[in-house]
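These notes are about the structure you will find just below.
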Amino acid sequence: YLTNIEWVLEALMDAGAAGFVGVLADYFDSNRYYNEFYRRLPFTLPGVWVGPREGARIRELLGENQAATATLTLEGSRTETTARVVHGFIPGTSNDTIQVQSHHDAVWQGGVQDASGVAALLALAHYYAGQGPGEREKTLMFSSFSSHWTGYQLHQDFVGKYLEDNQTDYNLVANVTIEHIGRHGVINRDSLELQVSEQPEPRGILNNVSLDLNRSIAEAIKRHDLHRTALMGTEDIGMPTDASFVYQAGLPTISLISGPVYLYDEMDTPDLVAQDQLQPVARVFIDIIEALDATPPGDMARGDTMDEYQFGEFDEEMSGQRGAVISELPEDLILQLLQ
């Protein structure tokens with residue numbers, strides 16, 4: 001669900017274009033696609049998305065008559081407002097704190113984009129609120145953010161407040177983030193319609209935690225049959241999730257995400273949530289939180305045995321290293337990864 005819009009529009013603006021028509025060529029027949037705001041490149045051009053059929057018609061018109069003209073008028077505004085995080089705490093016996101995170105900021109119904117992750121967040125809060133005092137060492141912080149679609153301003157301020165210049169009573173030691181528990185969507189190449197199955201969208205649990213915690217995550221995935229799930233390190237792809245800023249600040253992070261084709265579309269309504277997956281996901285993350293609670297903070301992060309291997313140049317945009325080739329990795333590291 002990451003697109004080429006940023007570098008394409010940068011080239012258009014540099015070339016002096018007056019506007020742009022973006023054709024959703026590899027998409028179902030919809031023009032209700034919404035990009036989040038890309039904070040690295042403010043767009044100064046008016047533009048519009050069209051679906052693949054309309055894009056083909058426009059190209060046909062241009063082919064017949066290169067002098068064809070059109071007027072594109074964009075009306076809109078950006079105003080300063082207050083970003084809000086909803087958060088709550090369930091105390092443990094220490095102020096070492098595990099953050100449990102999602103977000104609530106879609107610009108449409110956002111069934112999978114927002115509601116599915118928030119549902120899991122609330123389920124976990126309900127579960128742990130039912131425990132008696134003293135059953136858990138670490139404090140739990142439940143937080144849902146609202147600035148994903150405007151440039152992650154709130155996420156960045158949160159890092160400053162709780163991690164870089166911590167003036168709070170909470171010592172954040174780990175983060176778990178849950179997003180996008182959706183049904184699998186595919187494009188019918190003949191009809192260009194969106195087809196949604198009852199299978200869950202393939203998903204990944206990205207993390208930068210220790211091999212012992214990775215083993216605990218893998219066992220939880222198998223125990224609760226969270227099929228179509230890949231357990232993924234962040235050495236090559238970074239953390240392209242809502243947890244990216246706490247991850248960049250060095251917090252041990254475990255983040256579940258999927259990228260269904262309808263994720264940025266008005267088509268993302270609550271009926272696309274994989275409801276039969278809500279409980280298994282919550283149970284997996286209960287096991288993950290329990291494993292984090294039992295792990296001393298100093299033992300959570302990926303250890304030196306992983307860090308000593310530098311796979312490629314660090315890519316700041318992706319917050320990770322690029323270019324790892326499995327055949328080039330040391331044999332002892334490959335054996336570790338396969339254990």
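No side-chain donor-acceptor contact under 3.5 Å links H184 and S197.
Using a 4.5 Å cut-off between side-chain heavy atoms of Ile, Leu, Val, Met, Phe, Trp and Tyr, V118 falls into a hydrophobic cluster with L122. If you chain together ILVMFWY residues whose side-chain heavy atoms come under 4.5 Å of each other, V48 ends up grouped with V21, V23, V50, I58, L62, L72.
Separating the CD1 atom in I205 from the CZ atom in R203 is a distance of 8.0 Å, to the nearest 0.5 Å. The structure places OH of Y33 at 13.0 Å from CG of N31, a figure rounded to the nearest 0.5 Å.
For CZ of R59, the number of neighbouring non-hydrogen atoms (other residues, nucleotides, ligands) closer than 6.0 Å is 12 at most. Summarising the local packing, CD of Q279 is surrounded by 12 or fewer heavy atoms from other residues, nucleotides or ligands at distances under 6.0 Å.
Every side chain to side chain contact (heavy atoms under 4.5 Å, CB included) that P270 has, sequence neighbours left out, goes to Q109. Evaluation of the side chain to side chain contact (heavy atoms under 4.5 Å, CB included) rule for S191 yields N188, E193 as partners, not counting sequence neighbours. In this structure D225 satisfies the side chain to side chain contact (heavy atoms under 4.5 Å, CB included) test together with H227, sequence neighbours excluded. Contacts of V261 classified as side chain to side chain contact (heavy atoms under 4.5 Å, CB included), with partners at least two apart in sequence or in another chain: Y27, F28, I187, L194.
By the 4.5 Å heavy-atom criterion applied to side chains, W108 and R32 are not counted as neighbours. Between V176 and Q99 the shortest side-chain heavy-atom distance does not fall below 4.5 Å. At least one side-chain heavy atom of F89 sits under 4.5 Å from a side-chain heavy atom of H87. Residues D299 and D212 are not in side-chain contact: their nearest non-hydrogen atoms beyond the backbone lie 4.5 Å or more apart. With a 4.5 Å cut-off on side-chain heavy atoms, S147 and H155 count as touching. Between R136 and T93 the shortest side-chain heavy-atom distance does not fall below 4.5 Å.
Using a 4.0 Å cut-off between a side-chain N of Lys or Arg and a carboxylate O of Asp or Glu, R57 and E54 qualify as a salt bridge. Salt-bridge formation is not detected for the pair R84/D105: no Lys NZ or Arg NE/NH1/NH2 atom is positioned less than 4.0 Å from an Asp or Glu carboxylate oxygen. A salt bridge does not link R228 to E201: none of the charged nitrogens lies less than 4.0 Å from a carboxylate oxygen.
Both L45 and L24 sit in one connected hydrophobic cluster of ILVMFWY residues. Membership requires side-chain heavy atoms under 4.5 Å apart, directly or through other members.
Using cut-offs of 30° and 60° for the angle between ring planes, the F245 and Y152 rings count as tilted. H148 and H103 have perpendicular rings, their planes meeting at more than 60° on a 0 to 90° scale where under 30° would count as parallel.
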